[in-house]
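Some notes on the structure that comes next.
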Amino acid sequence: MYNNYAMTNLLQVKTSAAELVETLKKLGVDSIFGYPGASVLSIYNELFNTQEIKHYLVRHEQAAVHAAEGYARVSGKTGVVLVTSGPGFTNTVTGIANAYADSTPLVILAGDVSSENKEGKIFQNVDIASIAKSCCKKTFTISQNDDIAQVITEAFQEAQSGVKGPVVVALPRNILENNYSGKEKTDCKQIEILTDLTEHITNLHNLINTSQKPLLLIGGGCLDASEEIEKFVSKYQLPVVSTLMGIGIYPSENHLYLGMIGLNGVDSANNALSKCDLLIALGTAFSDRSTCKKNDFASNCKVVSVNITPSEKNIDFEIISDVKNFLNEILLSKNQPETHEKWHMQIDELKDNPAIEDENFDCLHSSFVLKTISEYTKYYEPVVVTDVGQHQMLTAQFFNFNKPRKFITSGGLGTMGFGLPASIGAHIANPDSLILNITGDGSYQMNLQELATCREHHIPVKIIIMNNSYLGMVRQLQEKIYNNRYQVEMINPDFTKIAEAYDLFAVRVNKKAELIPALEKAIHHQGTAIIDIIIDSFENI
């Protein structure tokens, strides 16, 4: 009788780990990307008993963060990562830094060693908060005095507020395993957004009407304002350029769109930028890849910046506001815009299409391949996830993205190995879309172990490897700056045989005639498919 009573009481006890999982469910979390270890087994035990949240076991913790990034970037929700202490957490740092650079909302739940005794050498003990603080928005370390439900809720609010980004929560093992007791709730701080925009709207309207050559620049901070931007452009008839992270927010096929600016941008966009007399920059931080030489960037025009945080660049007219809020306000104004007919005529002359080599060549070139893939898959409106390198920039140039959250790439950090795990997260966020992972042979080998994750969870991503046996972007720089002193030639494995080892479909393409049939087979294949395309080793962009 005593044993039954004790067992009943034991079953009624709720641990902090149980409360954490309950809180995640209340917050609408449906997917977690992780890798278990002793410090977080209490959480995994609770996840085993819930149907609302699915856990995806990756094969490396860095990949867990990239998968959560892909999920967040496509869904607009906060991606969630669950890892154990020590190396479990330290393996996530590159992914966290990548999410921080690209303002992607994540919550990283990191197991920690017991808080009861941290003196001396403790197995798998690292200072999570100190390691993370330089590459995330905020860190929390749960203590005995905290209400874990409130801390987790605040972490999600922090990830999604203001400039979005990753938040790290350190979870000591003993606290997770202890009984949960709620604490007195306190109100979470909310970031204040500028609300009185009347004077700014009047000033901007006057600047547009008095300029001769206005130009609109859209960045990644406009991701939630695509509809407002289309209405704003339609009202003022402004030509549009974008940063790498702004691609797809305004339809690429619209006649007013000129392309991506910057170091690897297209001539039409960069030429328009050099000729405009008013640049209206929405949701961009003016990174060095966009501005190139900062002293020369937009030196002949007035620059207006609308962004949620102040710019580090000298701006003529700065408006600290959420882009969506600001555009909604300006669209309500009754001001009548001026026409800029001469400027539009010049813009039409500046327009160009990225050059494609003469088709009379022996080997395949990236530009031809990517243009062909773009045209072949256009009907599907795919989500395209790239890695980093020449293929990334050529994808940005040759694909037409007409909706937001269709082009997913590592912008601010330039992380090789991002593409495959991010594609997994992208599929989980949008299982009805065709997901293309366009990667290079160098980037692909950074995280190709995630083919196992694809196989286990039947992720039907289509992986397109631009295989030139070089780190192409680095080779190009060594050729240009360092007298062809290459250290980046790669002896690659047979990627089709690696796919076969994972029991996945793969095909190799060596010539033009093989490209379309390979695409057709891969797209109609029910599961993961790999296309290994052998391209020119010395093509530059």
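Note that this is a predicted model, so its numbers are computed, not measured.
- How far NZ of Lys324 is from CG of Asn328: 6.0 Å, rounded to the nearest 0.5 Å.
- The backbone N or O of Cys363 sits nowhere less than 3.5 Å from a side-chain atom of Lys511 that would complete a donor-acceptor pair.
- Among residues two or more places apart in sequence or in another chain, the salt bridge (charged side-chain N to carboxylate O under 4.0 Å, His left out) test is passed with Glu514 by none.
- The residues Arg405 and Asp224 are annotated as salt-bridged, a charged nitrogen and a carboxylate oxygen being separated by less than 4.0 angstrom.
- Gly414 and Ser410 get closest at one heavy-atom pair: N-OG, 3.2 Å.
- To the nearest 0.5 Å, atom CD of residue Glu154 and atom CG of residue Asp146 are 9.5 Å apart.
- In this structure, Ser433 contributes its side chain and Pro382 its backbone to no donor-acceptor pair below 3.5 Å.
- Residue Lys235 places its NZ atom among more than 12 non-hydrogen atoms of other residues, nucleotides or ligands, all under 6.0 Å distant.
- Formation of a donor-acceptor pair under 3.5 Å by the Asp102 side chain with backbone atoms of Gly411 is found in this model.
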Exercise. Taking it one step at a time, do Tyr35 and His60 satisfy ring pair (Phe, Tyr, Trp, His ring centres under 6.0 Å)?
Worked result: CA-CA 7 Å; Tyr35 205 99; His60 192 284; 8.2 Å; no
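- Looking at every heavy atom in both residues, Asp147 comes nearest to Gly182 through OD2-CA, 3.5 Å.
- Atom CZ of Phe495 has more than 12 heavy atoms from other residues, nucleotides or ligands within 6.0 Å.
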Exercise. Hey, mind stepping through Glu46 and Thr15 against side-chain contact (heavy atoms from CB on, under 4.5 Å) and telling me if it holds?
Worked result: CA-CA 10 Å; Glu46 298 299 330; Thr15 64; 4.0 Å; yes
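- No donor-acceptor pair closer than 3.5 Å links the side chain of Ser374 to the backbone N or O of Leu370.
- No side-chain donor from either of Thr284 and Thr243 sits under 3.5 Å from a side-chain acceptor of the other.
- Thr94 and Gln62 form no side-chain donor-acceptor contact under 3.5 Å, judged by distance and modelled atom types alone.
- Between the Lys462 side chain and the Ala522 main chain, a donor and an acceptor come within less than 3.5 Å of each other.
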Exercise. Do Ile148 and Leu176 pass the side-chain contact (heavy atoms from CB on, under 4.5 Å) test, and can you show the C-alpha distance, the side-chain angles, and the key distance before you say yes or no?
Worked result: CA-CA 9 Å; Ile148 195 168; Leu176 289 173; 4.0 Å; yes
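- In this structure, CD on Gln390 lies 10.5 Å from OG on Ser367, to the nearest 0.5 angstrom.
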Problem set entry | Pair Val81-Val83, side-chain contact (heavy atoms from CB on, under 4.5 Å): steps then yes or no | CA-CA 7 Å; Val81 177; Val83 294; 3.9 Å; yes
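- In this structure, the side chains of Pro493 and Gln445 come closer than 4.5 Å at one or more pairs of heavy atoms.
- Between Glu227 and Lys231 there is no salt bridge, since none of the side-chain N atoms of the basic residue sits less than 4.0 Å from a carboxylate O of the acidic one.
- Salt bridge annotation for Asp503-Arg455: present, with a cationic side-chain nitrogen under 4.0 angstrom from a carboxylate oxygen.
- Side chains of Thr528 and Tyr502: no donor on one and acceptor on the other come within 3.5 Å.
- At a threshold of 4.5 Å between non-hydrogen side-chain atoms, the residues Val384 and Lys406 do not count as touching.
- The closest side-chain heavy-atom distance from Pro166 to Thr104 is not below 4.5 Å.
- Side-chain atoms of Asn49 come within 3.5 Å of backbone N or O of Asn45 as a donor-acceptor pair.
- Under the 4.5 Å side-chain criterion, counting only non-hydrogen atoms from C-beta, Leu47 is in contact with Leu82.
- Checking each of Val169, Val167, Val29 against Phe156 for a side chain to side chain contact (heavy atoms under 4.5 Å, CB included) leaves exactly one that passes, namely Val29.
- A donor-acceptor pair under 3.5 Å is absent between the side-chain atoms of Ser75 and the main chain of Ala429, judged by distance alone.
- Atom CD of Glu158 is separated from atom SG of Cys136 by 9.5 Å, given to the nearest 0.5 angstrom.
- For the 3.5 Å distance criterion, the side chains of Asp112 and Gln124 fail to qualify, holding no donor opposite an acceptor.
- Two residues are said to be in side-chain contact when any heavy atoms from C-beta on lie closer than 4.5 Å; Tyr56 and Ser31 meet this criterion.
- Between Leu436 and Val385, every side-chain heavy-atom pair lies at or beyond the 4.5 Å cut-off.
- Using a 30° and 60° split on the angle between ring planes, Phe407 and Phe401 fall in the tilted class, from 30° to 60°.
- Here CE of Met416 is found 10.5 Å from CG of Asn447. Values are rounded to the nearest 0.5 Å.
- The local environment of NZ in Lys25 is crowded, with over 12 non-hydrogen atoms from other residues, nucleotides or ligands closer than 6.0 Å.
- Within a 6.0 Å radius of CD in Glu456, more than 12 heavy atoms belonging to other residues, nucleotides or ligands are found.
- Asp441 CG to His391 NE2: the interatomic distance, rounded to the nearest 0.5 Å, is 9.5 Å.
- Side-chain contact of Asn430 with Tyr71: a donor-acceptor pair under 3.5 Å is absent, judged by distance alone.
- Using modelled atom types and a 3.5 Å distance limit, the side chains of Thr496 and Asp532 yield no donor-acceptor pair.
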For this session: Please test Ile408 against Val383 for side-chain contact (heavy atoms from CB on, under 4.5 Å), starting from the C-alpha separation and ending with a verdict.
Result: CA-CA 7 Å; Ile408 311 299; Val383 174; 4.0 Å; yes
Problem set entry | Worked check of side chain to side chain donor-acceptor pair (under 3.5 Å) between Gln392 and Asp387 | CA-CA 6 Å; Gln392 175 191 31; Asp387 268 289; over 6 Å; no
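- Gln397 places a side-chain N or O within donor-acceptor distance of the main-chain N or O of Asn264, the cut-off being under 3.5 Å.
- Nearest heavy atoms, Gly111 versus Ile128: O-CD1, 3.6 Å.
- Contact of the Ile43 side chain with the Leu171 side chain is registered, since non-hydrogen atoms from C-beta on lie closer than 4.5 Å.
- In summary, the side chains of Asn402 and Glu253 do present a donor paired with an acceptor at a separation below 3.5 Å, with no hydrogens or angles considered.
- The backbone N or O of Leu57 lies less than 3.5 Å from a partner atom in the side chain of Arg59, making a donor-acceptor pair.
- Checking side-chain atoms of Lys371 against main-chain N and O of Ser366 turns up no donor-acceptor pair under 3.5 Å.
- Between Tyr444 and Asn437, the side chains place no donor N or O within less than 3.5 Å of an acceptor N or O (distance only, hydrogens not considered).
- Here the side chains of Leu20 and Ile152 are in contact, with some heavy-atom distance below 4.5 Å.
- A donor-acceptor contact closer than 3.5 angstrom links the side chains of Asn467 and Asn492.
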Problem set entry | Check against side chain to side chain donor-acceptor pair (under 3.5 Å), Gln160 and Thr78 | CA-CA 7 Å; Gln160 282 282 3; Thr78 299; 3.1 Å; yes
Problem set entry | Pair Thr453-Glu450, side chain to side chain donor-acceptor pair (under 3.5 Å): steps then yes or no | CA-CA 5 Å; Thr453 310; Glu450 297 311 315; 2.6 Å; yes
